[in-house]
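The analysis underlying the following values was restricted to heavy atoms, covering all of them including side chains, and did not include hydrogens, waters or symmetry mates. A quick note: this is a predicted structure, and the numbers were derived from the prediction, not measured.
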Amino acid sequence: MIITFLCILAVDFRIFPRRYAKTETYGTSLMDLGVGAFVLANSLVSRQARNITSVSWKTAIVSTSPLIILGFLRLVTTTGVDYQVHVGEYGVHWNFFFTLAAVSILTSFINISPQYSGVIGSLVLVGYQFCLVQGLNHYLLSNERGMDIISQNKEGIFSIFGYWGMYLLGVHLGNYLIFGSHSSGFRSSRWVRMRVWVLSILFWLLTVLLDRHVERISRRTCNLPYVTMVVADNLQLLSILMLADLVPGSKTSILEEAFNRNLLATFLLANILTGLVNLSVDTLSASSITAFFILLVYAYVLSIVIGIADYFGIKLKFW
């Protein structure tokens, strides 16, 4: 998340290496991982992964409503100030908050046991991938748009199937690796480490096969190769981080804990600061020194505000 906060502003400057920016249609980059990693991280420790599946419709609506509100607020503010928005990413009106809300609603109302969520998620992803290779990918990646709401937001609406399938896979992995039946309630670190490494390798092999023989990786459509790449990459990162268990001493800093306890507030503040910078500065014409200075101030302001909020016990949470 901290890397995401830095990238969403840095990408607007020429100083940011283009190879790390989001791809337009097919391919991979650092920033392509952001949205997928966010969905997967949430699913690994979700209610469903912890076997808390009996959630009332009222609780589901209350927990999802902030995402819907944030989605509409982003839409209104970006349209009101004529803020630059890349239409090809999600569509004319759609944004990532709506995608998260849709995934949350589907998961809450279609109650699937974590033991079977992996199978259901795989079926959803395979079915969606079949539709893509049958011609849906050309429709989603084309610049042609009709006047109806679906055509205007085709990328965001259809990619929901990919993100939902990814979420279901994450629920199964979280339950299997972390919250499955065990005498202590949690798997032992050694047990998890071994299986995370093995699963990471298997998902990387699957990604290579799918990318070469089915369809190239595309974040824009959230196709099956993209999902397997996100799972493989995150499991690999998790397996490396888990090696820290072998090293004695503290593993996290105070700043990391402050961010971790207030991720939603940090994400919103980062988006607001990014918008303010883009409205007040011509980022594309800024020199490297100017860009570096702005990014430094941005990172310090973000860290200081969240640090102070954490010190006083202030936490932005809707549910």
Side-chain angles (χ1 to χ4, degrees), residues 1-24 29-39 41-42 66-67 69-90 95-97 99-100 219 233-234 237 241 250-318:
M1 287 298 289
I2 293 174
I3 294 173
T4 301
F5 301 149
L6 296 174
C7 284
I8 59 174
L9 177 58
V11 71
D12 295 326
F13 293 96
R14 293 169 64 90
I15 193 176
F16 190 79
R18 291 297 99 189
R19 66 182 182 276
Y20 295 147
K22 290 179 179 178
T23 53
E24 291 290 327
S29 74
L30 173 68
M31 291 193 72
D32 281 330
L33 284 170
V35 290
F38 194 86
V39 171
N42 275 278
L67 294 172
I69 294 169
L70 290 171
F72 279 109
L73 282 175
R74 179 176 172 79
L75 173 62
V76 170
T77 51
T78 52
T79 306
V81 300
D82 196 25
Y83 186 72
Q84 55 180 354
V85 176
H86 186 40
V87 175
E89 189 172 359
Y90 293 107
N95 56 62
F96 190 51
F97 289 116
T99 299
L100 288 177
R219 171 199 48 82
D233 188 89
N234 279 269
L237 178 61
L241 293 175
S250 178
K251 309 301 191 304
T252 57
S253 67
I254 296 174
L255 184 60
E256 283 177 318
E257 290 175 355
F259 276 120
N260 195 45
R261 282 192 283 262
N262 233 334
L263 281 177
L264 179 60
T266 314
F267 187 69
L268 292 177
L269 180 60
N271 275 272
I272 292 170
L273 293 176
T274 299
L276 291 174
V277 171
N278 275 278
L279 291 173
S280 55
V281 178
D282 185 3
T283 54
L284 291 177
S285 62
S287 65
S288 296
I289 296 175
T290 303
F292 183 74
F293 177 75
I294 292 173
L295 288 169
L296 202 61
V297 172
Y298 162 80
Y300 267 105
V301 170
L302 197 60
S303 300
I304 290 169
V305 171
I306 296 302
I308 292 173
D310 184 65
Y311 179 79
F312 287 104
I314 301 171
K315 188 174 182 180
L316 181 60
K317 189 175 177 68
F318 295 102

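- Between the T283 side chain and the D12 main chain, a donor and an acceptor come within less than 3.5 Å of each other.
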Show me, pair by pair, the donor-acceptor contacts under 3.5 angstrom made by side chains of residues 288-303, not counting sequence neighbours?
residue	atom	partner	partner atom	Å
T290	OG1	S287	OG	2.9
Y298	OH	F5	O	2.6
S303	OG	A299	O	2.8

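- Among all heavy-atom pairs drawn from T274 and A270, the shortest one is OG1-O, 2.7 Å.
- Shortest non-hydrogen contact noted between T23 and R219 is O-NH2, 2.9 Å.
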Evaluation steps, ring pair (Phe, Tyr, Trp, His ring centres under 6.0 Å), between F97 and F267
CA-CA 11 Å; F97 289 116; F267 187 69; 5.8 Å; yes

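- Identified under the salt bridge (Lys or Arg N to Asp or Glu O under 4.0 Å) test for residues 296-313, with sequence neighbours left out: R261-D310.
- For F96 against V35, the heavy-atom pair with the smallest separation is CZ-O, 3.6 Å.
- Partners of I314 according to the side-chain contact (heavy atoms from CB on, under 4.5 Å) rule, which considers only residues two or more places apart in sequence or in another chain, are A309, F312.
- Rounded to the nearest 0.5 angstrom, L269 CG and L264 CG are separated by 11.0 Å.
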Between V11 and R18, is a side-chain contact (heavy atoms from CB on, under 4.5 Å) present by the stated rule, with each step listed?
CA-CA 8 Å; V11 71; R18 291 297 99 189; 4.2 Å; yes

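- Between the CE atom in M31 and the CG atom in L33 there is a gap of 10.5 Å [rounded to 0.5 Å].
- Considering every non-hydrogen atom in both N234 and A37, the closest pair reads OD1-CB, 3.6 Å.
- Residues satisfying the side-chain hydrogen bond (donor to acceptor under 3.5 Å, both in side chains) criterion with T266, sequence neighbours excluded, are absent altogether.
- Looking at heavy atoms from C-beta onward, T4 lies out of side-chain contact with F38 at the 4.5 angstrom threshold.
- Atoms OG1 and CG, from T99 and L67 in turn, are 10.5 Å apart once rounded to the nearest 0.5 Å.
- Enclosure of atom CG in L73 by more than 12 non-hydrogen atoms of other residues, nucleotides or ligands within 6.0 angstrom is indicated.
- Scanning for salt bridge (Lys or Arg N to Asp or Glu O under 4.0 Å) contacts around D233 gives an empty result, with sequence neighbours left out.
- The distance from atom CD1 of I8 to atom CG of N271, rounded to the nearest 0.5 Å, is 4.5 Å.
- To the nearest 0.5 Å, atoms CZ (F13) and CG (D282) are separated by 9.5 Å.
- Applying the ring-ring contact (aromatic ring centres under 6.0 Å, His included) criterion to F16, with sequence neighbours excluded, gives no partner residue.
- For S29 against A21, the heavy-atom pair with the smallest separation is OG-O, 2.6 Å.
- For the pair A258 and I306, the tightest heavy-atom approach, listed with the atom from each and the gap, is O-CG2, 3.7 Å.
- Remark: L75 CG to T77 OG1 distance equals 8.0 Å, nearest 0.5 Å.
- Annotation: side-chain contact (heavy atoms from CB on, under 4.5 Å) contacts of S253 (sequence neighbours excluded): L255, E256.
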